[in-house]
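For reference, the structure discussed in these notes is given below.
Since the structure is predicted, the reported quantities are computational estimates derived from the model, not experimental observations.
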Amino acid sequence: MNALPSDYMTAIRERGLMHQCTDEAGLGELTSGKKPIAAYCGFDCTADSLHVGSLVPIMVMRLFQQHGHKPIILMGGGTTKVGDPSGKDSSRQLLTDEQIAENMAGIRKTFENFLTFGDGPTDALMVNNADWLDEISYIPFLRDYGRHFSVNRMLGFESVKLRLEREQNLSFLEFNYMILQAYDFLELSRRHDCVVQIGGSDQWGNIVAGVELGRRIDSRNLYGLTSPLLTTASGAKMGKTAQGAVWLNPERLSPYDYWQFWRNTEDADIGRFLRLFTELPIAEIEKLEKLKDSGINEAKKKLADEATRLCHGEKAAQEAAQTAKTTFEQGGAGDSLPSIEISRSDLEAGIPAFEIFHRAGLATSNGEARRLIKGGGGRVNDAIISNEMQPITLSDLNDEGFIKLSAGKKRHAIIEPG
């Protein structure tokens with residue numbers, strides 16, 4: 001393969017961050033110049049935290065800034081009110097303005113760990129598409145922009161086609177999403193001289209629509225770049241576990257649990273995830289991915305350390321690693337283990353084991369907790385319990401004044417009397 005014309009394009013390709021590009025040669029030439037260019041990636045405010053499924057485009061944006069260019073984070077204060085049908089089986093629940101504002105405030109914190117914000121030419125910028133979408137007048141918008149979209153073509157895009165093939169409802173509200181996202185790109189090119197849109201591969205149709213709208217309306221050369229949507233080697237959706245989504249905000253998921261998610265990576269995914277989610281040099285990654293047997297666990301710990309450091313900082317990563325070492329290798333209970341407080345009166349009366357495992361977040365339901373204990377996977381203070389009805393009481397407090405619960409060998413929680 002011929003050498004790509006910019007270090008940035010080379011970096012995202014060798015790390016597996018690139019899926020499709022509307023004009024790879026053109027974007028390569030643009031990113032190789034001395035003048036910074038601007039690229040944006042949009043995030044709707046459907047929850048108060050992003051999850052690891054958003055990490056790939058975030059890493060694409062991080063590299064973009066590191067190579068001397070300006071990232072723009074577009075918060076979907078406007079488009080969240082509509083809902084993107086891409087990759088969805090059903091219509092999105094509509095949120096109130098207050099819910100959207102709360103979610104936006106939570107998401108903002110995530111990006112401060114990955115990007116540098118400020119007023120400089122390559123400093124990241126955060127904007128809200130409600131600033132222009134909320135002001136749209138319907139008839140003038142249809143006249144000026146709607147005429148540039150072919151319904152025939154929109155029906156052929158994968159995100160729409162899949163919903164229709166499954167005979168799942170696609171509302172007219174959601175059908176408008178593609179037009180609004182394309183208009184976002186046009187507005188950002190006008191307001192901030194933004195020439196690139198970055199997104200997951202499920203956004204390809206929406207991104208292409210924006211590129212074409214810029215050309216038709218403003219005769220502007222715009223570019224689209226997508227990253228792959230990830231599954232694990234076993235085919236599971238990236239970022240989903242039996243306990244739910246792997247959130248990026250510590251209020252949603254502790255740094256320890258985040259560290260554990262990466263530590264539990266499948267062997268076959270180690271090299272790929274080290275490239276995608278860390279900044280280790282490729283040469284070092286190639287050595288780590290060749291490790292065998294017990295050595296592969298060291299590679300997994302390195303992945304967990306580096307991924308947690310990027311998302312939560314050096315201190316949180318070190319604490320999570322130390323807690324894991326204390327818990328697994330030394331049989332103790334580290335300071336960073338998830339803990340819940342249960343009233344002293346409840347513990348005096350006694351709580352059935354299955355219920356306390358559920359309350360501690362080690363099972364998603366009472367039924368799952370019962371099955372865990374019946375299968376021998378439940379421990380109290382490192383001792384296996386076989387009866388799901390066994391009462392957990394104050395008498396179970398250890399010498400340090402807490403109760404350690406374990407679900408299998410890798411998930412733990414601390415119960416403290418309140």
Side-chain angles (χ1 to χ4, degrees), residues 7-8 10-18 49-67 71 109-116 124 227-228 230-233 236 238-241 245-250 252-329 334-337 410:
D7 290 342
Y8 173 67
T10 300
I12 61 173
R13 184 175 282 283
E14 72 180 1
R15 287 189 173 271
L17 289 164
M18 180 173 165
S49 171
L50 299 175
H51 54 73
V52 296
S54 300
L55 265 185
V56 176
I58 290 175
M59 293 300 288
V60 175
M61 296 289 278
R62 181 177 170 87
L63 273 171
F64 189 73
Q65 185 173 48
Q66 290 174 342
H67 282 81
K109 295 182 288 187
T110 296
F111 292 103
E112 294 173 359
N113 296 320
F114 291 92
L115 300 172
T116 300
S227 54
L230 294 184
T231 57
T232 64
M238 178 66 186
K240 295 289 186 181
T241 69
V246 180
W247 300 101
L248 302 184
N249 282 18
R252 281 283 200 127
L253 186 76
S254 72
Y256 169 78
D257 285 330
Y258 189 78
W259 190 96
Q260 275 298 320
F261 167 75
W262 296 107
R263 171 63 180 81
N264 294 333
T265 293
E266 297 177 30
D267 292 1
D269 286 324
I270 290 296
R272 186 164 57 118
F273 285 3
L274 282 167
R275 286 175 174 81
L276 290 169
F277 303 116
T278 81
E279 295 179 325
L280 294 175
I282 296 297
E284 184 175 349
I285 293 172
E286 289 174 346
K287 292 179 182 178
L288 288 168
E289 66 185 341
K290 291 176 183 176
L291 295 174
K292 303 293 184 183
D293 302 323
S294 61
I296 198 70
N297 289 328
E298 296 307 311
K300 291 181 180 182
K301 291 176 187 176
K302 189 67 173 178
L303 169 63
D305 288 345
E306 294 297 314
T308 306
R309 181 182 61 79
L310 278 174
C311 189
H312 295 296
E314 184 68 40
K315 182 181 178 183
Q318 290 180 358
E319 289 177 351
Q322 183 57 45
T323 294
K325 183 176 181 180
T326 302
T327 303
F328 304 139
E329 298 175 15
D335 293 338
S336 297
L337 281 180
K410 297 181 179 179

K315, Q322, E314 screened by side chain to side chain donor-acceptor pair (under 3.5 Å) with Q318, the one that passes: E314
Compare every heavy atom of V56 with every heavy atom of P228, then report the nearest pair and how far apart it is. O-CG1, 4.2 Å
Side chains of E289 and R275: closer than 4.5 Å at any heavy-atom pair? yes
Output for pair (S254 OG, Q260 CD), nearest 0.5 Å, gives 9.0 Å
By side-chain contact (heavy atoms from CB on, under 4.5 Å), which residues pair with E306, not counting sequence neighbours? T278, L280, K302, R309
Compare all side-chain heavy atoms of E284 with those of L274 and state whether any distance is below 4.5 angstrom. no
Under the side-chain contact (heavy atoms from CB on, under 4.5 Å) rule, collect the residues that match up with R272, sequence neighbours excluded. L230, D269, L276
Indicate every side-chain donor-acceptor pair of residues 59-66 with a distance under 3.5 Å to a residue at least two apart or in another chain.
{"unit_1": "R62", "atom_1": "NE", "unit_2": "E279", "atom_2": "OE2", "d": "2.4"}
{"unit_1": "R62", "atom_1": "NH1", "unit_2": "F114", "atom_2": "O", "d": "2.8"}
{"unit_1": "R62", "atom_1": "NH2", "unit_2": "E279", "atom_2": "OE1", "d": "3.1"}
{"unit_1": "R62", "atom_1": "NH2", "unit_2": "E279", "atom_2": "OE2", "d": "3.2"}
{"unit_1": "Q65", "atom_1": "OE1", "unit_2": "T116", "atom_2": "N", "d": "3.0"}
{"unit_1": "Q65", "atom_1": "NE2", "unit_2": "T116", "atom_2": "O", "d": "2.9"}
{"unit_1": "Q65", "atom_1": "NE2", "unit_2": "T122", "atom_2": "O", "d": "2.9"}
{"unit_1": "Q66", "atom_1": "NE2", "unit_2": "E279", "atom_2": "OE2", "d": "2.8"}

Report yes if the side chains of I58 and L50 come closer than 4.5 Å at any heavy-atom pair, otherwise no. yes
Output the distance between atom CH2 (W247) and atom CZ (R252), rounded to the nearest 0.5 Å. 4.0 Å
Taking every non-hydrogen atom, the tightest pair across L248 and S49: N-OG, 3.4 Å
Looking at CD of E298 and CG of L288, how far apart are the two atoms once the value is rounded to the nearest 0.5 Å? 9.5 Å
Candidate pair D305 and W259, rule side chain to side chain contact (heavy atoms under 4.5 Å, CB included), full reasoning: CA-CA 7 Å; D305 288 345; W259 190 96; 2.7 Å; yes
Scan residues 276-320 for pairs that pass ring pair (Phe, Tyr, Trp, His ring centres under 6.0 Å), counting only residues two or more places apart or in two chains. Y258-H312, W262-F277, F273-F277
With ring pair (Phe, Tyr, Trp, His ring centres under 6.0 Å) as the rule and sequence neighbours excluded, what pairs involving residues 285-310 come up? none
Closest approach of A124 to L115 (non-hydrogen atoms, all atoms of both residues): CB-CB, 4.0 Å
Between H51 and A245 the two heavy atoms that sit nearest each other are CB-CB, 4.3 Å
Can you check whether K301's main-chain N or O pairs, donor with acceptor, with R263's side chain at less than 3.5 Å? no
Residues which pass side-chain contact (heavy atoms from CB on, under 4.5 Å) with D267, listed by chain and number, not counting sequence neighbours: I296, K300
